[in-house]
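Heavy-atom basis, side chains included; hydrogens, waters and symmetry copies ignored.
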Amino acid sequence: MNDAIARMLGSYVQGSMDDRRNAIKEIVQEVILSGLYKAGFFEYASFYGGTALRIFHGLDRFSEDLDFSLCYADPAFSFNPFINQLRSEVESYGIRVEFIIREKHMESSIRKMMVRGNLRELMLYFYADESIAGRMPSNEALKIKVEVDTNPPPAALYENKYRLLPSPYEVRLYDLPSMFAGKLHAVIARSWKARTKGRDLYDYLFYVSKGISVNMEHLRERLIASGELSRSDAFTTDTLKQMLYSRFQSIDYEKAKADVIPFIEDRSVLSIWSPGFFSSVTSDFHF
């Protein structure tokens, strides 16, 4: 195994099979970020979402996807100029995955790419233990969804962060108030359908517990873009709280807990989740 990958793997808990799956996925995510940096991707785009919050700000849950936003709208954006450098970077660490660029849908501003690998093969590469890899289905896949918003809402602010492994790299991210705005928009407006995103609620509590302020201008633009507000509507912290109270009353909390359980170590923190809990936390918070 590559020395840098070995050092990264050494920082993870090695207990359950899920621990190992999560460690592999997160290390591959960081190698992808390093490759995107070397390809010049962050000259045009910024990183946000749960994985950004975990890697750069210490969120204590694992995250599946890599979410990016262009800094300026560009409907012609494509992953193609970055693929060769990205593939070369990942392969240089002995990691075998494929990059599948999804066809552009004219009605959507989101460009999508799937990074896919055989998880059994990756488990054997990372842990060099046939007894571990042999317990996995031969066709189990590692999947990392990569999405870029090519028509981002305005008023986001940015910061640059650095990592030393797998090799030194730099990432442009939304700053924390802008990321919090994005998460609040997800809590209020995301269409959960049959899969209630408890991860949104878990991340919401992370921001609140850290006392992170909210980029209200950016949040307002997101709510207007998704139809929760009109351009003429007033938008204050009281408006925001009322939107949140309404959302908290409509959530199936058992489904929300089930969604987040695979990504956290301490499940006991979920026992208090209820409309009253989230409404109380929101009422006491100064956005």
Side-chain angles (χ1 to χ4, degrees), residues 1-15 18-71 79 81-97 99 113 115 117 119 122-128 142-148 156-180 182 203 206-207 210 212 263-265:
M1 183 195 300
N2 177 276
D3 287 345
I5 299 300
R7 291 199 300 275
M8 295 173 77
L9 190 61
S11 68
Y12 288 89
V13 173
Q14 308 286 317
D18 279 343
D19 290 334
R20 292 181 170 90
R21 287 185 177 96
N22 286 330
I24 291 169
K25 179 171 284 189
E26 190 161 278
I27 290 170
V28 174
Q29 287 171 340
E30 290 215 55
V31 173
I32 291 169
L33 290 172
S34 174
L36 289 172
Y37 159 71
K38 291 180 180 178
F41 177 77
F42 294 106
E43 296 173 19
Y44 311 96
S46 57
F47 190 26
Y48 73 103
T51 309
L53 198 61
R54 175 169 173 81
I55 291 174
F56 291 98
H57 294 290
L59 174 67
D60 58 342
R61 75 160 179 90
F62 288 94
S63 182
E64 292 184 304
D65 307 327
L66 295 171
D67 298 310
F68 303 97
S69 173
L70 296 185
C71 298
F79 285 105
F82 310 103
I83 284 294
N84 287 341
Q85 178 65 58
L86 181 55
R87 183 179 291 111
S88 176
E89 178 76 359
V90 173
E91 289 177 353
S92 74
Y93 292 100
I95 296 170
R96 294 178 54 190
V97 293
F99 300 89
M113 177 173 67
V115 181
L119 194 51
L122 290 166
M123 189 72 70
L124 186 58
Y125 172 69
F126 275 75
Y127 290 97
L142 174 136
K143 298 178 184 178
I144 299 171
K145 184 169 61 178
V146 183
E147 294 190 347
V148 178
L157 300 175
Y158 310 103
E159 62 180 344
N160 285 30
K161 293 282 187 180
Y162 304 87
R163 298 281 282 180
L164 293 177
L165 291 174
S167 65
Y169 69 94
E170 178 182 5
V171 169
R172 172 160 44 186
L173 301 93
Y174 276 24
D175 69 0
L176 280 170
S178 300
M179 280 209 280
F180 193 12
D203 295 358
F206 177 85
Y207 286 107
K210 300 295 184 183
I212 305 301
F263 303 97
I264 62 174
E265 294 181 7

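- Donor-acceptor pairing under 3.5 Å is recorded for the side chains of Y169 and E30.
- When atom types are taken as modelled, the side chain of N2 and the backbone of A4 share a donor-acceptor pair closer than 3.5 angstrom.
- No more than 12 heavy atoms of other residues, nucleotides or ligands sit less than 6.0 Å from atom OH of Y44.
- Judged by distance alone, with hydrogens and angles left aside, the side-chain atoms of R172 form a donor-acceptor pair with the main-chain N or O of F42 at under 3.5 Å.
- Across Y48, Y158, Y174, a single residue satisfies side-chain hydrogen bond (donor to acceptor under 3.5 Å, both in side chains) together with S69, and that is Y174.
- Judged purely by atom type and a 3.5 angstrom limit, Q29 uses its side chain to pair as donor or acceptor with the backbone of E64.
- Taken from CG in L173 to CG in L157, the straight-line distance is 13.0 Å, to the nearest 0.5 Å.
- Of the candidates L66, V90, I32, V115 forms a side chain to side chain contact (heavy atoms under 4.5 Å, CB included) with just one, namely I32.
- For S92 (side chain) and E89 (main-chain N/O), a donor-acceptor pair under 3.5 Å exists by modelled atom type.
- Taking each heavy atom of K25 and I144 in turn, the nearest pair found is O-CD1, 3.8 Å.
- Taking the centre and axis of the six-membered ring of Y125, the NZ or CZ atom of R96 falls outside the cone set by 45° and 6.0 Å.
- At least one donor-acceptor pair under 3.5 Å links the side chain of R20 to the backbone N or O of G15.
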